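I have placed the structure first, in the form of structure tokens, so that the comments after it can refer back to it.
Predicted model, so just to flag it, every value in this text is computed and none were measured. Heavy-atom basis, side chains included; hydrogens, waters and symmetry copies ignored.
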Amino acid sequence: MAEQNLGTDSPVIETERADIPTEAVTAVPGTAATPVKTPQVPDRPALEGLEDKLSAAWEQEKVYRFEEDTERSAVYSIDTPPPTASGSLHVGHMFSYTQTDVLARFQRMRGKNVFYPLGWDDNGLPTERRVQNYYGVRCDPSKAYIQGYTPPEKPARNQRDWDVISRPNFIELCEKLTVEDEKVFEDLFSRLGLSVDWTQTYRTIDDSTRAISQRAFMRDVQNGHAYTALAPTMWDVTFRTAVAQAELEAKDHPGAYHRYPFFTAEGQKVFIETTRPELLPSCVALVAHPEDERYQHLFGTTVTSPLFDVAVEVRAHRLADPEKGSGVAMICTFGDMTDVTWWRELQLPTRALIGRDGRLSRATPEWITSAQGRANYEQLAGKTVHSAKEAVVDLLRGAGLLEGEPEKITHAVHFYEKGDKPLEVVTSRQWYIRNGGREADRRDALLRRGTEIDWHPGFMRSRYENWVEGLNGDWLISRQRFFGVPIPVWYPLDADGEPDYDAPVLPEESQLPVDPTTDTAPGYKESQRGQAGGFLGEADVLDTWATSSLTPHIAGRWSHDDEFFAKVFPFDLRPQGHDIIRTWLFASVVRAHSLNSSVPWTDAAISGWILDPDRKKMSKSKGNVVVPDDVLDQFGSDAVRYWAASAKLGADTAYEVAQMKIGRRLAIKLLNASKFALNLGVTEEHIVGGTEDLEVLTEPLDRALIVELREVIAQATSAFDGYDYARALQRVESFFWQFTDDYVELVKDRAYGARGEEAQASVRAALATTLDAVLRLFAPVLPFATDEVWRWWRQGSVHSAEWPQAEALDAVHGNAAMLPSVAEVLAGLRRAKSEAKVKQRTEVVSARVTAPNDALSHIEAALGDIRAATRSRAIELVGEGEAVHAISVSDVELADPEQS
């Protein structure tokens, strides 16, 4: 049988299939070049086994291979999300990646040379954490590299007992494990039927990507788009890394208001209420709203802090809330980003105490000068934030300064999206890319870029605009991690061994990629590393988004294959989730704007979330995800794809087994209905599509079917062109069930030749033309079932075929309303037999059909098919003019079942 020739070792034969006898392939009449295949249909079609068989065939036949010898106008390029290779896939991945694949398959059938690569996002914190836990190791950059290091066979239970290894050894383990993970992902995506070109894969940490990412960074530095600065930074004390605004997540967190006084020169008490009493020694000012009458007399004066006796000024600022607490707030450097705003706008001094380890400075700060104040601080020195808070409260209570007991509250606190402790604001030197957060002109330019993108659905653009308009600082791109793209910078050291951050040393682009922690700075010797007059290598790496923002550049070979890049950039499509508009999408726009003076793609398709039965987002952290293998084993890939493609872009969708069952039933029905049609003798020679062969459609019911088919093709094409694949699927599916449940049942008698050759030829033409189009229309959503059927009776793959053209059927004249009218009569006669509890093959002696005159003419034209399908001897047709809007079947007399 045909499906036996789908193994990876089978030869590819262009004109005939190796498993089909030569005599089974004939030429289309009048040609010698177009072979016609004699249908070979399995006795028992099944979905089982199709995924492995057809995936191998597609790879062997290079069905999805991008043709590089092309013009930009012929290309449809997709900037596909690179999944995090250090994690595990869940049903949400199948949902969103299927939606992208449906669009890719449609564009390919529309004649586009589809550039559909897939990358692996394998650098960054998730990979580090997986490697640490998987191997039982910790990284210490001060450790020496061990050649041939082998991790323990089994990780130690206690992290304190894990192997401590060098950064190069740690990176080697990261690279090893991600490659293994990527293979698992590729196998699953192939099983799902993603039509990606697996020869175009990339990784976000390999040499090519590191070079592109570093080159982009260097050009942004040289063009003034990137800079380094010592500034307040959101900091995760667990992961010991800076966190960007886009990575923040507000969570409800328990806290308490503590009320205590500052003192004026006259001894007057000025009460503040704060949830961060541990920051009292870093207080730089008190602040109240400029219109708050209670504090007008204090503006411009100084007060003294309790416990530490530090004089601070009372200032006015619009962000102070008169309704919150006492109306006057303590500004510390730094408790939160509001403190940063006050500090910056009021030009206050910096008195930072919390370090990168989340502990207060062990050295008593110089601004605390009183003996009592210094003694009090010694009780806080080196403590964690939590312990310092308890110590300050005890000191206040012991001095009789704490008014009342702390008032417990729950309030929103910023966390790193992957962290479990509140973030601190730490002063540190970091690298930034300008993103409009501090420059109105750049912000306006990036907002304009948003209008150059077609958003699907359109309302998602407002999320982009709201994010850009709400930025309060530039994009922090440096991270204090190990496995990432190194920032390609060295700093010269002066005579005192202090780095000159204002004169960074950059490599030549030809040297990329580089690692400043192991590579020597240009113009220096390695012996000068860390020495006065020598150099210091940047130890930080780029934020993973700083590399992922360049996926169009990475996949498009930017800066090292300009000809190829011009063929795919700007990309046509960016598909992604709505939750990362503020990160991946916006970051990509920022980079394309600064590097290419362009948008990175013309269209953005934004998918929704997968929700569990309780309407909660599925996520691994919540433990409510569904494993893809289980779902695919149970329902099959086409069924899962059907569920995913039934959801519109941007819509959050529930994980719904019932929908997958419907998809599986549809795929099975497609196999069985196709088998029936082909076993009637239908071949591709019966397909009509030009005026010269439309005369074969002699029967009104057949013409009505083709007219309806033409409309379905037009509607599905329009929906797909508008990225509404769900609407296209809905329309095609509705037509398909009408075709199988009504039309096929009506024409069986004619198809077997009971009414002569001409009538048989007409129905065969209708069946072949419809089957040909339906397979193409379903192909983007049900790639396995459609290609299985296609190979029964056609050459090659349906996925290499053209999308059906409605215009090819324009010359068919008929009335699409005919089939629904006839179907109502068929249903009425069936229902009468069901109610009489007799078999459907029971003859109808007589029946009456009442219908509006226009519907009656349709029924009369198809009366022969109706009688044959229902085994009716006599059907009386009664017209009721326009007063009757419904078709009714009555007075049904059935023959004795024994005599039927």
Side-chain angles (χ1 to χ4, degrees), residues 47 50-51 54-55 57-58 63-66 76-78 80 94-116 118 189-197 456 572-573 575 603 605 607 636-649 659-660 662-664 666-667 669-671 674 709 712-736 770-791 794 796-806:
L47 297 177
L50 295 187
E51 290 143 15
L54 291 172
S55 294
W58 297 335
V63 173
Y64 310 127
R65 194 66 54 86
F66 176 66
Y76 186 86
S77 49
I78 304 174
T80 316
M94 295 194 298
F95 176 77
S96 58
Y97 281 84
T98 292
Q99 292 177 344
T100 303
D101 185 66
V102 166
L103 295 170
R105 289 181 177 277
F106 168 72
Q107 292 292 340
R108 191 179 290 110
M109 296 180 74
R110 289 280 272 173
K112 286 293 188 178
N113 184 11
V114 176
F115 181 57
Y116 186 15
L118 188 65
F189 278 146
S190 295
R191 183 180 179 187
L192 186 59
L194 297 195
S195 60
V196 301
D197 183 350
H456 311 282
D572 292 277
L573 178 65
D603 290 73
S607 60
S637 295
D638 278 349
V640 174
R641 291 174 63 96
Y642 172 86
W643 160 69
S646 298
K648 290 180 177 289
L649 284 171
Q659 193 76 351
M660 296 180 193
I662 294 172
R664 181 172 176 82
L666 174 63
K669 185 69 172 181
L670 185 62
L671 295 180
S674 301
L709 174 64
V712 169
I713 293 172
Q715 292 175 358
T717 304
S718 176
F720 260 115
D721 283 339
Y723 290 80
D724 192 355
Y725 51 79
R727 171 59 182 157
L729 173 60
Q730 179 187 43
R731 186 66 185 90
V732 174
E733 183 184 7
S734 176
F735 171 80
F736 173 74
T770 302
L771 180 59
D772 171 79
V774 164
L775 290 174
R776 299 174 196 243
L777 292 169
F778 272 136
V781 177
L782 308 174
F784 295 102
T786 54
D787 207 33
E788 168 72 357
V789 172
W790 187 269
R791 291 170 186 265
R794 306 295 293 277
S797 170
V798 69
H799 305 301
S800 299
E802 294 182 0
W803 186 255
Q805 301 297 313

Can you tell me if [X] uses its side chain to pair, donor with acceptor, with the backbone of [Y] under 3.5 Å?
X	Y	value
Gln805	Trp803	yes
Ser646	Tyr642	yes
Thr717	Ile713	yes

Should [X] and [Y] count as side-chain neighbours, where that means a heavy-atom distance under 4.5 Å?
X	Y	result
Phe106	Tyr725	no
His799	Tyr64	yes
Glu733	Ile662	yes
Phe189	Val196	no
Thr98	Val640	no
Asn113	Phe66	yes
Leu670	Val774	yes
Thr770	Phe735	yes

With a 3.5 Å cut-off and sequence neighbours excluded, list the donor-acceptor pairs that the side chains of residues 779-786 form with protein atoms.
unit_1, atom_1, unit_2, atom_2, d
Thr786, OG1, Leu782, O, 2.6
Thr786, OG1, Pro783, O, 3.3

For [X], check side chain to side chain contact (heavy atoms under 4.5 Å, CB included) against everything at least two apart and list the hits.
X	answer
Ser800	Val63, Ser797
Gln107	Tyr76, Lys112, Val114
Ser77	Arg72, Val75, Phe115, Val568, Phe571, Asp572

Residue pair [X] / [Y]: nearest heavy atoms and the distance that separates them:
X	Y	answer
Arg105	Leu194	NH2-C, 4.4 Å
Arg664	Ala639	N-CB, 3.5 Å
Ala605	Leu649	CB-CD1, 3.8 Å
Arg794	Asp772	NH1-OD1, 2.6 Å
Leu192	Met94	CD2-CA, 3.7 Å
Ala716	Ala728	O-CB, 3.7 Å

Any residue meeting salt bridge (charged side-chain N to carboxylate O under 4.0 Å, His left out) with [X], in chain and number order, not counting sequence neighbours:
X	result
Arg65	Glu59, Asp197
Arg731	Glu708
Asp787	Arg791

Rounded to the nearest 0.5 Å, what separates atom CG in Leu103 from atom CG in Asp603?
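Leu103 CG to Asp603 CG: 10.0 Å, rounded to 0.5 Å.
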Distance, nearest 0.5 Å, that separates CG of Leu671 from CG of Asp638
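So the gap between those two atoms works out to 8.5 Å.
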With [X], which residues qualify under side-chain hydrogen bond (donor to acceptor under 3.5 Å, both in side chains), at least two apart?
X	value
Arg108	Ser195
Tyr116	none
Arg191	Glu51, Asp633
Lys648	Asp724

Suppose we call two aromatic rings close when their centres sit under 6.0 Å apart. Are Phe778 and Phe736 close by that rule?
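Here the rings of Phe736 and Phe778 have centres that are less than 6.0 Å from each other.
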Quick one: list whatever passes ring pair (Phe, Tyr, Trp, His ring centres under 6.0 Å) with Tyr723, sequence neighbours left out.
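Counting only residues at least two positions away or on another chain, Tyr723 forms a ring pair (Phe, Tyr, Trp, His ring centres under 6.0 Å) with His456.
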